[in-house]
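Reviewing the structure listed below.
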Amino acid sequence: AKGEIYRIGGDEFCAIYIDPESSSVLRERTDLQDECARTGTFKDYPFGMADGYAEGFIYNSSYDEIVSRADEDLYRNKRLMKEIDKYEFQ
């Protein structure tokens, strides 16, 4: 799958795929997460990434609804990451 990536905030990006196969998008998502895990740190700063995922069809969902679901998934993942970090550093 090939998507277009847009910077939508200081450290926030959005990838939009038109008519992709879910498995290929999820594979790319996993590859990106794996690459972040391999990187680990950058100039003594920990490097990590939280992401969110949503899919929908424009004819029955608006762009804002799809992005909102992706944001919900993003914040759910951020909470999970904080919980994991809390236990790793105790």
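Bear in mind that the values here come from a model prediction, so they are computed numbers and not experimental data.
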Can you name the side chain to side chain donor-acceptor pair (under 3.5 Å) partners of [X], sequence neighbours left out?
X     : value
Gln33 : Asp51
Asp71 : none
Arg7  : none

Q: Return the minimal non-hydrogen interatomic distance between Ala70 and Ala54, and the atom names on each side.
A: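 That would be N-CB, 3.5 Å.
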Q: Looking only at non-hydrogen atoms, find the nearest pair between Ile16 and Tyr63 and report the distance.
A: CD1-CE1, 3.8 Å
Q.
Tell me whether Ser68 contacts the main-chain N or O of Asp64 through its side chain, where contact means a donor paired with an acceptor under 3.5 Å.
A.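 No, because the side chain of Ser68 does not come within donor-acceptor range (under 3.5 Å) of the backbone of Asp64.
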Q) Quick check: does any side chain N or O of Asn77 sit under 3.5 Å from a backbone N or O of Ala50, one acting as donor and the other as acceptor? A)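 Not a single qualifying donor-acceptor pair exists.
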Between [atom1] on residue [X] and [atom2] on residue [Y], distance to nearest 0.5 Å:
X     : Y     : atom1 : atom2 : answer
Ser24 : Arg29 : OG    : CZ    : 13.5 Å
Ile66 : Tyr53 : CD1   : OH    : 10.5 Å
Leu80 : Lys82 : CG    : NZ    : 11.5 Å
Lys78 : Met81 : NZ    : CE    : 9.0 Å
Leu74 : Cys14 : CG    : SG    : 11.0 Å

Q) Salt bridge check: are Arg69 and Glu72 linked by an N-O gap of less than 4.0 Å? A)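 No, Arg69 and Glu72 are not salt-bridged.
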Q: Report, as yes or no, whether the 6.0 Å neighbourhood of atom CD on Glu4 holds more than 12 heavy atoms from other residues, nucleotides or ligands.
A: no
Q.
When you group the ILVMFWY residues by side-chain heavy-atom contacts below 4.5 Å and let the links chain together, are Ile5 and Leu32 in the same group?
A.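 No, Leu32 does not connect to Ile5 through the hydrophobic network.
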